[in-house]
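Numbering of ligands and ligand atoms starts at 1, following listing order. Numbers here simply count residues along the sequence, with the first being 1.
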Amino acid sequence: MRSVDLQTNRRRFEELLVARANRRRLLLGGATVVAVSLPGLSTRIIAQDAMGTPVPDLTAPAYGATPSASARFASTPFTLGVASGDPLPDGVVLWTRLAPTPRDGGGMDNIPYEVRWELASDESFASLVQSGTTIASPQLAHSVHVDVTGLQPATEYYYRFMVGGEESPVGRTRTAPAAGAAVDSVRFAFTSCAHYEHGYFAAYRHLAEQRFDLVFNLGDYIYEMGPGDYSVYEGEAPRNFSGAELLDLSLFRNRHALYKTDPDLQAAHASAPWVVTWDDHEVENDYANLTREDPRQQVGFEDLRAAGYQAYYEHMPLRASSMPTGPDMQLYRRIRWGNLAEFQVLDGRQYRSDQPCGEGTYVRCPASVDPNTTMLGPDQERWLLGNLDASTSTWNVLAQQTQMAMLEQGDGDQEQFFQDSWPGYPEARNRILGHVMSRGIQNLTVLTGDIHCHWGIDLLADWRDANSQVLGTEFICSSITAGGAEDPAIFFEEFLGEGRNPSIRFFDPRHSGYSSVEATPERWTTDYWQVEDMRQQDSPVNLINTLITEAGNPGVQQG
Ligand code: FE
Ligand code: CA
């Protein structure tokens with residue numbers, strides 16, 4: 001939880017800083033950095049762990065050697081399921097990772113393996129469309145990212161992998177419509193914030209059953225904390241992290257693998273192509289570019305970010321164009337859906353200024369109006385505004401991390417703002433929304449995660465004035481699981497007391513759920529799904545509200 005939680009849990013987060021000091025010591029104590037050259041790819045730096053996990057012997061002939069095509073496994077290496085992502089009109093990325101012992105390093109020999117992949121037009125693979133082989137290398141934790149091309153637009157496919165006589169589960173995927181094609185509708189889900197210890201992934205299970213065209217993950221796909229560091233229950237948590245707070249590459253890998261052993265998350269990945277972006281917890285709470293939450297502990301953070309980014313790449317269905325180089329990784333990108341929608345997938349973490357007025361919920365400070373403050377960094381910001389100018393799609397969608405609406409939180413006489421989201425970066429926010437207003441960008445919709453509750457908010461030209469021009473519409477999904485059992489009355493008082501925040505059109509403070517959208521050329525419909533009890537794996541998931549916005553008429557309407 002990023003807002004009210006931070007107030008109720010501030011002490012807990014401060015205690016976490018102590019753990020961070022230990023993390024820094026470990027990073028300084030034994031981390032080694034090695035240059036790795038992958039066949040056909042540029043040289044990259046991989047930070048190896050400080051915990052004694054074997055460093056791949058890069059002088060051995062394994063890299064240039066023939067990959068093992070005759071491998072045999074004592075148990076299936078396909079313990080983490082399959083995934084697909086980033087659909088194009090003629091292609092999609094297929095993912096899996098070989099890991100017979102997923103929670104403990106993977107259990108693969110330190111050699112490359114040849115993996116066969118198959119893509120068919122039917123679930124039984126009677127009509128094979130394409131097949132091939134790819135290499136699962138130890139340098140990428142034996143993950144594979146197959147960039148399939150030459151496919152038909154707007155078409156459903158099924159895929160699977162084989163190695164050593166073992167066969168993976170089958171995944172379903174879908175290509176995007178042809179460029180500029182007239183498209184009747186798109187159905188997609190958006191999700192964020194899955195804390196493994198807070199509950200089961202019933203929301204992912206329900207999402208999988210709906211077989212969407214696309215699934216967006218807007219960050220906090222994992223949480224990096226150690227067991228019990230962010231506990232929200234009086235008694236026993238429903239389940240526990242294995243492994244410590246994430247200090248190095250092997251721990252990040254084990255945490256991602258732990259998540260991917262979850263059957264409901266596997267089902268969600270296998271049900272549709274995903275488009276992913278991260279927030280902070282893929283590395284560390286509230287980090288900003290290369291500034292840590294606690295800037296006194298800077299040393300070692302580049303290695304930590306490199307480890308977090310690499311493990312993220314290894315476990316996500318991303319193209320090789322997102323392969324990290326040390327602590328840098330290209331994640332922002334555009335996904336187009338014919339002439340119906342264009343999704344600008346943003347990276348609000350890697351390039352942002354340090355929170356100008358600190359982390360937390362505070363009154364404005366002078367630094368907040370420094371024109372140099374940025375959320376996206378100058379290159380991504382230019383790219384975004386250029387894409388919005390060039391777009392000919394009906395819906396202009398930002399798929400991104402933190403709340404864009406300016407929301408005041410009441411606490412005493414002065415306006416307070418949550419500093420880690422766009423309200424903490426008013427100059428950067430004004431540059432985006434000012435551009436939308438001055439250029440007349442149509443049908444801006446913003447998809448947001450991060451704050452663990454369901455919201456529908458008008459993006460107003462003057463956030464204090466409900467009668468000012470509506471520039472766009474923001475839809476925020478609740479967390480898959482993250483968040484505690486706070487008294488909902490606190491939220492209502494903070495955000496809606498005394499006539500505050502007239503832009504909020506819908507708010508439900510409950511945690512655990514997700515949102516889905518059906519967009520047509522005339523109308524956008526957002527459904528809000530609520531998990532009844534995230535402590536139960538088989539919990540019912542209920543529709544609690546439906547909001548719409550009409551093309552040409554921005555702003556939230558009750559559905
Ligand atoms: Fe979160
Ligand atoms: Ca900071």
* According to the interplanar angle, ranging from 0 to 90°, do the rings of F495 and F491 count as parallel (below 30°), tilted (30 to 60°) or perpendicular (above 60°)? -> parallel

* Do you know which N/O/S atom name in E359 is closest to the Ca ion (ligand 2)? -> OE2

* Does a donor on one side chain sit under 3.5 Å from an acceptor on the other, for T277 and Q401? -> yes

* Are more than 12 heavy atoms from other residues, nucleotides or ligands located less than 6.0 Å from atom CD of E209? -> yes

* May I have the angle between Y223 OH and H452 NE2 with its vertex at the Fe ion (ligand 1), rounded to 10°? => 80°

* Checking only N/O/S atoms, does Q355 have one that is under 3.0 Å from the Ca ion (ligand 2)? -> yes

* So, D354 and the Ca ion (ligand 2): N/O/S under 3.0 Å, yes or no? -> yes

* Asked: Charged N to carboxylate O below 4.0 Å: is that the case for R333 and D347?
  -> no

* Return yes if some donor-acceptor pair links the side-chain N/O of Y233 with the main-chain N/O of H198 below 3.5 Å, else return no. => yes

* Between OD2 of D220 and SG of C193, what angle is found at the Fe ion (ligand 1), rounded to 10 degrees? -> 100°

* Answer yes or no as to whether an N/O/S atom of E293 is found below 3.0 Å from the Ca ion (ligand 2). => no

